[in-house]
Every structure is written in structure tokens, then in C-alpha cells.
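In what follows, chains carry the letters A, B, and so on, assigned in the order in which the sequence lines appear, proteins first and then strands, with residues in each chain numbered from 1.
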Amino acid sequence: MNQKFIITKKLPELPEVETVKETLKNLIINKTIRDIDVFYDGIIKDISVEEFKKYLIDKTFTNIKRQGKYLIFILDDIALISHLRMEGKYFIKSTLEDRSKHEHIIFYFTDGSTLRYHDTRKFGTMDIRNIEDIYDTAPINKLGPEPFDKKLTVSYLSAKLKNKSIPIKSALLDQTIITGLGNIYVDEVLYRCKLNPITKSNTLKKADLSNIIKYSSIVLDKAIKLGGTTIRSYTSSLGVTGRFQNELNVHTLENEPCKVCQTPIVKTKVNGRGTYFCPKCQK
DNA sequence: GTGACCACCTGGCCGC
DNA sequence: TGCGGCCAGGTGGTCA
């Protein structure tokens with residue numbers, strides 16, 4: 001087998017972000033920012049580094065929330081909205097520790113510790129909002145319901161997809177329709193639903209939509225309980241690794257036998273995204 | 001309104 | 001051994 005296709009990139013999806021949120025809650029709540037160093041300003045959206053510092057210095061972390069794959073740090077009256085994208089991570093370290101190559105933003109706390117944003121590919125983003133504007137402005141106000149949300153019903157999904165001829169895989173990756181599903185979990189959900197990833201979204205039956213809702217919730221719930229998925233080396237703060245990779249049925253398992261019918265799992269591309277499915281179970 | 005495509009960015013891998 | 005090129009990923013922007 002071509003080695004290039006074995007290596008799958010790791011990425012933080014909703015379960016991984018939930019793990020990061022819960023881990024950081026125990027570590028930074030009630031800590032006050034004394035200073036900030038920004039080594040790569042491309043992560044900060046819309047405002048200058050000076051404004052970013054002005055908003056956050058002397059502020060205290062009072063809560064951490066999550067919406068989809070976004071982390072929302074509450075600092076008094078300000079919200080720092082962070083998206084980890086492909087490889088973003090947070091670490092707590094002492095002020096004395098040297099900065100590693102990929103640490104792009106360091107928050108210095110008054111107690112001598114630091115919160116460090118580490119991102120190998122510099123894809124992550126940070127937005128600043130007033131707390132009263134969090135849910136009324138982009139990016140949060142564009143997000144659809146999460147799989148656990150009661151708003152996610154068959155009628156909601158049917159209305160969203162009725163004019164969509166794009167593959168169901170692409171539709172499920174669209175965070176304005178359902179928020180929280182990423183490439184790994186969409187493959188796993190579609191496998192459990194026995195749906196081919198290229199099925200046109202507007203051809204699905206109500207039973208299919210019901211299954212999508214049901215299995216999205218089941219898959220993400222289980223992944224959260226297991227701390228997410230560590231495919232190559234993704235770890236959350238303080239090196240917490242996920243165990244959901246042991247539950248994967250198709251993703252990254254090209255040429256491995258399907259657990260149901262033993263047919264080799266196929267890897268293809270759907271709108272440029274690496275996609276794994278069983279050609280027999282998912283017709 | 002919809003869908004396709006591109007940019008962003010870098011480590012790891014393959015082929016030469 | 002070293003170099004060039006490809007690939008992976010989520011999201012936002014642009015264009016048809």
C-alpha cells in the first residue's frame with residue numbers, strides 16, 4: 001500500500017474541543033492575564049495585535065463554553081472565540097519554559113503560569129466579541145444545531161436539504177446545517193446509516209434523515225465520553241489523548257475488511273475530502 | 001440561492 | 001542524502 005495514504009492528519013472536532021474545554025476549565029478559571037505575546041498575528045481576526053492585547057490584558061477567565069467546534073473563553077465582559085482548525089492546541093506551562101517553535105500566542109498569568117496556543121499549521125483563528133454579542137454575530141450565529149440539540153429534527157433537516165443536490169457528505173460537513181461533525185465523524189455516521197457518501201442530499205428519505213440525527217448524536221456522544229479521536233498524535237491540553245479511534249469502522253481503514261460484510265473499505269474523494277466507506281453496506 | 005473552487009499553512013511522504 | 005512536489009484538513013471568500 002502507498003504509505004502516503006496511511007497517514008491521516010489529526011484534527012480537533014467537536015469531541016476533541018469538548019475535551020479541551022473541560023481540561024482547561026480546571027486549569028485557567030480565575031486566572032488573570034498579566035501580558036500577552038503574539039508571534040504570529042494571522043491567527044487574530046479583524047483586529048490588530050495591539051487591540052487584541054488591550055481587550056484581554058488585566059481580564060480574568062471566568063468561564064469556558066463551546067459551540068460546535070468553537071471554544072468561547074469568557075473573560076469578565078469580553079469573549080475570546082477560538083477555533084483550533086487543523087492542529088490548534090492549548091498548553092499550560094511555567095513562564096520560565098522556553099517557547100517552542102509552533103507556540104504563536106502566549107498568555108502570561110499573574111500567578112506565574114502561562115497559557116500557550118500551539119498550532120503547527122497556523123490555521124486556527126481567534127475572534128474578540130463583547131459577551132452580549134457572542135450569539136448574534138459571526139461566526140457563532142451562523143452555526144446550525146448540534147446533534148444533541150432538540151432543534152435538530154427530521155423536518156428541520158428535510159427543509160435544509162430539499163434544495164441541495166450536493167453529496168450528503170458535503171452537506172453534513174456544512175456547519176450551518178449541523179454543527180460539530182467533521183470529516184472523521186461524518187464518515188462514521190454515514191457508515192452506521194448505511195448511506196453512500198455521494199448520495200444527493202435532496203434524495204434522502206425521512207428514515208435516512210432520522211438515522212443521520214440518531215447516529216450523529218450517538219457517535220459524538222461516545223467520542224466525547226472517550227475523549228475524542230487520536231489518529232496520529234492529536235492531544236488536548238496536558239497531553240490528554242482520545243480513545244475513539246478504537247471505535248472507528250471506516251475512517252482511515254482503507255482496504256481493511258468491513259466489520260459487517262468483510263468487503264474491503266474503499267477510500268475516495270468527495271468534494272476534495274478524503275472519504276472512507278464500505279461499497280457493499282453503503283450503496 | 002447554490003455549488004465549485006481556491007487560499008490559508010506546514011509536516012510527512014514519495015519519487016527521482 | 002537531498003530536493004521538489006503532492007497531500008491532508010475546516011472555513012471563508014470569490015465567482016459563475
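Residue A/Gln175 places at least one side-chain N or O closer than 4.0 Å to OP1 or OP2 of C/dT11. For C/dT11, the OP1/OP2 oxygens have a side-chain nitrogen or oxygen of A/His83 closer than 4.0 Å. The phosphate of C/dC7 (OP1 or OP2) has no side-chain N or O of A/Lys269 nearer than 4.0 angstrom. Between A/Lys142 and the phosphate of C/dG12, there is no side-chain N or O to OP1/OP2 separation shorter than 4.0 Å.
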Could you tabulate the donor-acceptor pairs under 3.5 Å formed by side-chain atoms of residues 204-211 of chain A, not counting sequence neighbours?
| unit_1 | atom_1 | unit_2 | atom_2 | d |
| --- | --- | --- | --- | --- |
| A/Asp208 | OD2 | A/Lys205 | N | 3.0 |
| A/Asn211 | ND2 | A/Ala207 | O | 3.4 |

Enumerate, atom names and distances included, each donor-acceptor pair closer than 3.5 Å involving a side-chain atom of residues 144-157 of chain A, sequence neighbours excluded.
| unit_1 | atom_1 | unit_2 | atom_2 | d |
| --- | --- | --- | --- | --- |
| A/Glu146 | OE1 | A/Arg66 | NH2 | 3.3 |
| A/Glu146 | OE2 | A/Arg66 | NH1 | 2.8 |
| A/Glu146 | OE2 | A/Gly68 | N | 2.8 |
| A/Asp149 | OD1 | A/Lys151 | N | 2.9 |
| A/Thr153 | OG1 | A/Ser155 | OG | 3.1 |
| A/Thr153 | OG1 | A/Tyr156 | N | 3.1 |
| A/Tyr156 | OH | A/Ile177 | O | 2.8 |

Donor-acceptor pairs are to be reported for all side-chain atoms of residues 43-50 of chain A against protein atoms at under 3.5 Å, with residues two or more places apart or in another chain.
| unit_1 | atom_1 | unit_2 | atom_2 | d |
| --- | --- | --- | --- | --- |
| A/Ser48 | OG | A/Glu51 | N | 3.1 |
| A/Ser48 | OG | A/Glu51 | OE1 | 3.3 |

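Distances were taken from every side-chain heavy atom of A/Lys267 (C-beta onward) to each of C/dA8, C/dT11, B/dG11; the shortest belongs to C/dA8.
As rounded to whole Å, 13 Å separates atom P of B/dG1 from atom NZ of A/Lys162. Look at CD1 on A/Ile178: it is 17 Å from C1' on C/dT11, rounded to the nearest Å. Note: CD1 (A/Ile184) to P (C/dG10) measures 8 Å, nearest angstrom. The distance from atom CE of A/Met86 to atom C1' of B/dG12 is 14 Å, rounded to the nearest whole Å. Rounded to whole angstrom, the span from the CD atom of A/Glu13 across to the P atom of C/dG10 amounts to 6 Å. Counting to the nearest Å, the P atom of C/dG10 and the CD atom of A/Glu16 are 11 Å from each other. One atom, CE of A/Met126, and another, P of C/dG10, lie 19 Å apart when rounded to the nearest Å. One atom, CG of A/Leu173, and another, P of C/dG12, lie 13 Å apart when rounded to the nearest Å.
Screening residues 112-139 of chain A for ring-ring contact (aromatic ring centres under 6.0 Å, His included) gives A/Tyr90-A/Tyr117, A/Phe91-A/His118, A/His102-A/His118 as the qualifying pairs, with residues at least two apart or on separate chains. Sorted by first then second residue, the ring-ring contact (aromatic ring centres under 6.0 Å, His included) pairs that include residues 199-218 of chain A, not counting sequence neighbours, number zero.
Using modelled atom types, one finds no donor on one side chain facing an acceptor on the other under 3.5 Å when comparing A/Arg273 with A/Thr275. Under the 3.5 Å distance criterion, with hydrogens and angles disregarded, no donor-acceptor pair is assigned to the side chains of A/Lys169 and A/Asn196.
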> Along nucleotides 3-9 of chain B, 5' to 3', which nucleotides get a B, which get an S, and which get a -, given that the test is a protein heavy-atom distance under 4.0 Å?
Replying inline: SS---BB
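Note on A/Lys45: nothing from the nucleic acid sits closer than 4.0 angstrom, heavy atoms only.
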